[in-house]
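Quick one: this structure, given as structure tokens, is what I'll be asking you about.
One-based numbering along the sequence shown. For the numbers below, each heavy atom of this structure counts, side chains included, while hydrogens, waters and symmetry mates do not. Whatever order the structure lists ligands and atoms in, that order sets their numbers, starting from 1.
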Amino acid sequence: MTLITDVRLRRILDSRGNPTVEADVLTESGGFGRAAAPSGASTGEYEAIERPPTEAIAAAREHAVSRLVGEAYAGNQREVDAILRAADGTDDFSKIGANSAVAISMAAAKAGADVLGAPLFQHLGGTFRGENFPIPLGNVVGGGEHAADATDIQEFLSAPVGAPSVEDAVFANADVHATVADLLEERGVPSGKGDEGAWAPSIDDETAFEIVDEAVSQVEAEVGFEIRFGLDVAAAEMYDADSETYEYESAGISRDPDEQIDYIAELIDEYDLVYVEDPLDENDYDGFAELTDRVGDAGAASGHDSRADRTLICGDDLFVTNTVRLEEGIDVGAANSILIKPNQIGTLTDAFDAIELATENGYDSVVSHRSGETEDATIAHLAVGTDAPFIKTGAVGGERTAKLNELIRIADDAT
Ligand SMILES: O=C(O)[C@@H](CO)OP(=O)(O)O
Ligand SMILES: [Mg+2]
């Protein structure tokens, strides 16, 4: 019944106004799934390859579509994804493009769920997936590759670790975002927004820490549950391999790797950070291991939610959702958490395998959006279906709220 009868591919707009790939998958019994590929700006060196959409679509039509149509069952995700891999024939999807691959993979999953009449998270995770919801990490101030003339650190992330429900958590992050705007206005700092909807004022990192710390405390007092915050340093973007230093350009500071580790450890201590993503370059497994060893056990939330019982050191560009790179990290104790971005690796199967490997080894998974997004909400279902403890998908903005509102609907049994 879920035999794929058609795969249609087209170019659509993403949130940055760039073209991206959308896929429709149709099945024999009338099942339908539609999904679109997101796109990164601070992409990791080891990510699967995103091809220009026109080329990715042509290549997928030529090499993948005929292998799926009349051959594969949308309900059998591993089969669909294995066919995509075989049709591509490379390790990094450089032939059909990870953008075509991930769009087809996610659309097939939705078509499979549609035939079953089940919500996507249940098709992906099974009936007995449990009752947990991920804690949303909301980007409230940012710069780096996501906004010009703003903070060096790419993302300051509100983390409502004590929220009693996903709905409370989503609204708390929106409150923190709004409170940051008030605090910026009080200081007379004008601000636009970056690619993910976070405020992108022309302030240094130190000022951003003060403002986010204050905003989080204010909202915490209002809502009555614990809110902490975290960072995506996106340090690979500031690492200069020639001088072997991290360049904080707006602050005019250079840090060597040891100084960078000390700096991050001090920030965790001073601001009681619950989450730090990519604090070091994407090739520095040993540095990640040293930092994790120093701070990984710190920062337990005060008893609200056992899912936030330590400081997460998360590998994004380090692991690129790739089980081979994650294995290397596990071997040396680099990080205690992995960012999961399906388009970094190309298929839902690969993303699942990374989550499973992480869980087996005590690493927390953080399912994530990209800076370039669409209204596609698959990652909300992926996070719930895999029981991921965190999801990072912004705080405001239509392409971000598409996922956040879907989480609320899932909790309300209304998808
Ligand atoms: O670095 C990141 O984690 C992401 C998403 O926030 O950014 P991008 O999609 O630009 O890689
Ligand atoms: Mg990142």
Side-chain angles (χ1 to χ4, degrees), residues 14-18 20 36-50 98-99 102 134 136-148 150-159 173 177 193-200 229-239 246 264 273 275-282 284 288 312-322 325-326 329 335 337-346 351 354 364-374 376 378-380 382-383 388 390-397 399-400 402-404:
D14 80 5
S15 55
R16 273 194 280 255
N18 294 327
T20 190
S39 174
S42 64
T43 44
E45 192 181 331
Y46 304 101
E47 290 193 21
I49 304 297
E50 175 187 322
N99 36 353
V102 82
L137 300 170
N139 192 355
V140 293
V141 173
E145 294 296 302
H146 295 168
T151 54
D152 288 317
I153 290 176
Q154 183 178 283
E155 299 165 26
F156 289 76
L157 299 155
S158 170
N173 283 347
H177 186 270
K193 289 179 185 174
D195 285 350
E196 297 182 356
W199 299 109
F229 72 104
L231 308 172
D232 180 2
V233 183
E237 300 295 336
M238 41 172 110
Y239 188 64
Y246 294 89
I264 300 292
L273 301 177
Y275 178 83
V276 183
E277 180 182 325
D278 282 352
L280 293 154
D281 181 57
E282 59 208 329
D284 191 2
F288 264 90
L312 293 188
I313 302 298
C314 183
D316 170 15
D317 294 347
L318 178 73
F319 295 139
V320 291
T321 319
N322 182 318
R325 290 187 64 84
L326 178 59
S337 161
I338 177 174
L339 209 71
I340 300 291
K341 292 168 167 170
N343 84 317
Q344 267 181 338
I345 192 70
D364 283 326
S365 294
V366 182
V367 176
S368 173
H369 65 168
R370 302 305 308 248
S371 48
E373 268 295 342
T374 69
D376 188 286
T378 306
I379 60 166
L382 179 63
F390 292 87
I391 185 169
K392 183 176 90 157
T393 187
V396 297
E399 71 281 4
R400 317 292 153 187
K403 287 77 162 164
L404 298 169

Open item on the list: If the cut-off is 4.0 Å to any non-hydrogen atom of R370, which atoms of ligand 1 fall inside it?
Closed with: 8 (P), 9 (O), 11 (O)
- [ ] Could you tell me whether a side-chain N or O of T321 sits under 3.5 Å from a main-chain N or O of P342, the two making a donor and an acceptor?
- [x] no
- [ ] Output, in order, the C-alpha distance, side-chain angles, deciding distance and verdict of side-chain contact (heavy atoms from CB on, under 4.5 Å) for L404 and T393.
- [x] CA-CA 7 Å; L404 298 169; T393 187; 3.6 Å; yes
Task: Salt bridge present between E155 and K392 (N-O < 4.0 angstrom) - done: yes
Task: Heteroatom proximity flag, A41 to ligand 1, N/O under 3.5 Å - done: yes
TODO: Provide, to 0.1 Å, the distance between atom 2 (C) of ligand 1 and the closest protein heavy atom, together with that atom's residue and name.
DONE: K341 NZ, 3.1 Å
Open item on the list: Using 2.8 Å as the threshold, say whether any N, O or S atom from D317 sits that close to the Mg ion (ligand 2).
Closed with: no
Open item on the list: When you measure from the side chain of N343 to the backbone of V102, do you find a donor-acceptor pair of N or O atoms at a distance under 3.5 Å?
Closed with: no
- [ ] Kindly confirm or rule out an N or O of D316 lying under 3.5 angstrom from an N or O of ligand 1.
- [x] yes
Task: Proximal heteroatom of D316 relative to the Mg ion (ligand 2) (N/O/S) - done: OD2
Open item on the list: Working note: I379 + H369, criterion side-chain contact (heavy atoms from CB on, under 4.5 Å); need CA distance, chi angles, decisive distance, verdict.
Closed with: CA-CA 7 Å; I379 60 166; H369 65 168; 3.9 Å; yes
Task: Test salt bridge (charged side-chain N to carboxylate O under 4.0 Å, His left out) applied to E47 and K341, R325, R370, the passing residue - done: R370
TODO: Answer yes or no for E145: is there a heavy-atom contact with ligand 1 below 4.0 Å?
DONE: no
Task: Close-contact set for ligand 1 against D232 heavy atoms, below 4.0 Å - done: 1 (O), 2 (C), 3 (O)
- [ ] Restricting to N/O/S, name the atom of E277 that gets closest to the Mg ion (ligand 2).
- [x] OE2
Task: Pair F156-D232, side-chain contact (heavy atoms from CB on, under 4.5 Å): steps then yes or no - done: CA-CA 7 Å; F156 289 76; D232 180 2; over 6 Å; no
Open item on the list: Test your reading of the model: is there a side-chain donor-acceptor pair from D316 to the backbone of L339, 3.5 Å cut-off?
Closed with: no
- [ ] For L339, take its heavy atoms, then give the atoms of ligand 1 lying under 4.0 Å from any of them.
- [x] 3 (O)
Task: Minimum-distance protein heavy atom relative to atom 3 (O) of ligand 1 - done: K392 NZ, 2.7 Å
Open item on the list: Tell me whether ligand 1 is touched by S42 - counting only heavy atoms on the residue side and a distance under 4.0 Å.
Closed with: yes
- [ ] Taking both backbone and side-chain atoms into account, decide whether D232 has an N/O/S atom under 2.8 Å from the Mg ion (ligand 2).
- [x] yes
Task: From the candidates E277, E373, E196, the one that places a heavy atom nearest atom 6 (O) of ligand 1 - done: E196
Task: Donor-acceptor under 3.5 Å (Y46 side chain, N322 main chain) - done: no
Task: Check: H177 main-chain N/O paired with W199 side-chain donor or acceptor under 3.5 Å - done: yes
TODO: Could you tell me whether some N/O pair between S371 and ligand 1 is separated by less than 3.5 angstrom?
DONE: yes
